Amino acid sequence: MPSNLAIKFLIVLVFGLQLNAQNDSISQKSKASKVAVLFDDERQYFGAVALTYQNPMSYGDNFIGEGFEGKGGYNFRIQVYVLKNFFVGFSYGFSQFDNIKKELLGNYNESSVEEISGILGYEFVPLPRVRLGVNASILGRATLSNSIQSGYANRDFGKLRNFGINLEYEFIKNLNIFVEYNWRKIKSEIEVPDELVSFFKEGTYNTFSIGLKFNFGDIDLADVVSF
């Protein structure tokens, strides 16, 4: 009787070890098949703040494209990683332009465009230390402050749309340097005669930026909430 029990125990033990080996093999295959470019748990963050210097470049057959020439600007952004590398955030910045077509736009010298929006985006991790991000604005607003040398300024307003792509490199722990390209459109609320509506109804410009980004935390918001 004891020998039969021992034989049965050995059979169960061998079967259990074989099943465990199969599970380990499946787990390893699962890990190997994960698309690493989408996220890396070892490079996960909770949030980030970024500060950039941006160079605005006007284009298009509209009041910004025809009448503005970019001078420079800055942008501040804060973001939180909701699930893996998908993030939401807030962006605030401004771009400065010279008025080079006073006969088209009016007798003012320069315009400063304040840019405020929420943002949605995702960051891919194609290489060690490298991140490739895409983002888009939500509920964006723009304020154009047009000024002359005496200091007087008038303001125009509009809805802001933004699409961006950026490339980052982590040169020290939690600190990245990055370059970013953004396409921006302002759907203006400028009141003009009917014959000028098509020219002033929207303004388009791009920005090329370089900046620093500080990352913090090591898990996303979904994992924080689940604890």
Side-chain angles (χ1 to χ4, degrees), residues 35 37-39 43 45 47-97 111-127 130-145 156-170 176-190 198-215 220-221:
V35 184
V37 71
L38 293 179
F39 66 90
R43 298 168 63 189
Y45 301 115
V49 293
L51 180 65
T52 67
Y53 170 81
Q54 60 189 27
N55 179 36
M57 300 166 286
S58 57
Y59 77 94
D61 184 18
N62 54 71
F63 75 99
I64 291 182
E66 295 287 337
F68 282 5
E69 183 177 80
K71 294 176 60 178
Y74 295 92
N75 179 269
F76 170 80
R77 183 168 71 202
I78 183 168
Q79 61 193 54
V80 173
Y81 296 94
V82 179
L83 181 63
K84 300 304 181 183
N85 292 342
F86 171 73
F87 64 85
V88 299
F90 171 78
S91 174
Y92 175 82
F94 64 90
S95 297
Q96 294 181 314
F97 298 89
S111 183
S112 177
V113 182
E114 183 183 48
E115 306 146 342
I116 302 176
S117 72
I119 51 173
L120 297 174
Y122 197 89
E123 292 177 357
F124 301 91
V125 284
L127 296 169
V130 174
R131 301 172 83 90
L132 177 64
V134 292
N135 64 83
S137 63
I138 52 174
L139 303 176
R141 293 289 296 175
T143 301
L144 295 85
S145 299
D156 296 308
F157 305 91
K159 296 179 180 179
L160 175 68
R161 295 176 63 190
N162 177 83
F163 297 97
I165 181 170
N166 68 287
L167 182 66
E168 304 178 19
Y169 180 76
E170 184 180 37
N176 297 5
I177 185 170
F178 68 94
V179 293
E180 184 168 22
Y181 179 82
N182 289 273
W183 171 84
R184 289 178 173 151
K185 176 187 287 188
I186 298 173
K187 185 178 180 181
S188 81
E189 300 169 2
I190 301 173
S198 61
F199 186 69
F200 283 93
K201 69 179 180 180
E202 65 182 30
T204 51
Y205 62 104
N206 300 317
T207 61
F208 180 78
S209 309
I210 182 169
L212 292 174
K213 177 182 170 191
F214 174 73
N215 307 293
D220 59 31
L221 181 61

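Note that the structure is predicted; figures quoted are calculated from it, not measured.
Between Asp156 and Glu189, every side-chain heavy-atom pair lies at or beyond the 4.5 Å cut-off. Taking 4.5 Å as the limit, some side-chain heavy atom of Leu132 sits within range of a side-chain heavy atom of Ile165. For the pair Leu144/Ile186, a side-chain contact is recorded, criterion being any heavy-atom separation below 4.5 Å from C-beta on. With contacts defined as side-chain heavy-atom distances shorter than 4.5 Å, the pair Leu51/Leu212 does not qualify. Taking 4.5 Å as the limit, every side-chain heavy atom of Glu115 sits out of range of all side-chain heavy atoms of Asn162.
Not a single donor-acceptor pair under 3.5 Å links the side chain of Asn176 to the backbone N or O of Asn215. No donor-acceptor distance shorter than 3.5 angstrom exists from the side chain of Arg131 to the backbone of Glu170, with no hydrogens or angles considered. For Asn85 (side chain) and Leu38 (main-chain N/O), a donor-acceptor pair under 3.5 Å exists by modelled atom type. Side chain of Asp220 to main chain of Leu83: no donor-acceptor pair is present (N/O by atom type, distance under 3.5 Å, no hydrogens or angles). Put simply, the side chain of Ser137 never gets that close to the backbone of Ser117: no donor and acceptor are under 3.5 Å apart.
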**Message:** Go through it in stages, so that I can follow the logic: the residues are Ile119 and Phe87, the test is side chain to side chain contact (heavy atoms under 4.5 Å, CB included), and I'd like the CA-CA distance, side-chain angles, deciding distance and then a yes or no.
**Reply:** CA-CA 8 Å; Ile119 51 173; Phe87 64 85; 4.1 Å; yes
**Request:** Report the C-alpha separation of Tyr45 and Glu123 in whole Å, then their side-chain angles, then the decisive distance to 0.1 Å, and conclude whether the side chain to side chain contact (heavy atoms under 4.5 Å, CB included) test is met.
**Result:** CA-CA 11 Å; Tyr45 301 115; Glu123 292 177 357; 5.7 Å; no
**Message:** Run the side chain to side chain contact (heavy atoms under 4.5 Å, CB included) test on Asn135 and Gln79 for me, step by step, so that the C-alpha distance in whole Å, both residues' side-chain angles and the decisive distance to 0.1 Å come before the verdict.
**Reply:** CA-CA 11 Å; Asn135 64 83; Gln79 61 193 54; over 6 Å; no
**Prompt:** Where do Thr52 and Thr207 land on the side chain to side chain contact (heavy atoms under 4.5 Å, CB included) test, with the steps shown first?
**Reply:** CA-CA 11 Å; Thr52 67; Thr207 61; over 6 Å; no
**Item:** salt bridge (charged side-chain N to carboxylate O under 4.0 Å, His left out) evaluation trace for Glu202 with Arg161
**Value:** CA-CA 11 Å; Glu202 65 182 30; Arg161 295 176 63 190; over 6 Å; no
**Message:** side-chain hydrogen bond (donor to acceptor under 3.5 Å, both in side chains), that's the test. Do Ser95 and Gln54 meet it? Break it down for me.
**Reply:** CA-CA 8 Å; Ser95 297; Gln54 60 189 27; 2.8 Å; yes
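Atom OG1 of residue Thr143 and atom CZ of residue Phe94 lie 13.5 Å apart, to the nearest 0.5 angstrom. Rounding to the nearest 0.5 angstrom, the gap separating the CD1 atom in Ile190 from the NZ atom in Lys201 is 13.5 Å. From Arg184, atom CZ reaches atom CG of Asn206 across 9.5 Å, with rounding to the nearest 0.5 Å. Rounding to the nearest 0.5 Å places CG of Leu160 at 8.5 Å from OG of Ser91. Atom OH of Tyr92 sits about 6.0 Å away from atom CD1 of Ile116, to the nearest 0.5 Å.
The heavy-atom pair separating Val113 from Ala142 by the smallest distance is CG1-CB, 4.2 Å. Residues Tyr205 and Ser58 share a closest heavy-atom pair of CB-CA, 3.8 Å. Of all heavy-atom pairs spanning Phe68 and Ser111, the tightest one is CZ-CB, 3.7 Å. Residues Tyr59 and Asn62 share a closest heavy-atom pair of O-ND2, 3.6 Å. Minimum heavy-atom separation, Val134 to Asn166: N-OD1, 4.4 Å. Of all non-hydrogen atoms in Tyr53 and Lys71, the two that sit nearest each other are OH-O, 3.8 Å.
The number of heavy-atom neighbours closer than 6.0 Å to NZ of Lys84, taken from other residues, nucleotides and ligands shown, is above 12. Within 6.0 Å of NZ on Lys187 lie no more than 12 heavy atoms contributed by other residues, nucleotides or ligands. Summarising the local packing, CZ of Phe199 is surrounded by more than 12 heavy atoms from other residues, nucleotides or ligands at distances under 6.0 Å.
Both the sub-6.0 Å distance and the 45° axial angle are not jointly satisfied by Lys213 relative to the ring of Phe178.
Checking Glu180 against Asn75 by side-chain atom types alone, no donor-acceptor pair falls below 3.5 Å.
For Phe124 and Tyr122, the distance between ring centers is under 6.0 angstrom. The six-membered or imidazole ring of Phe63 lies near that of Phe200, with a centre-to-centre distance under 6.0 Å.
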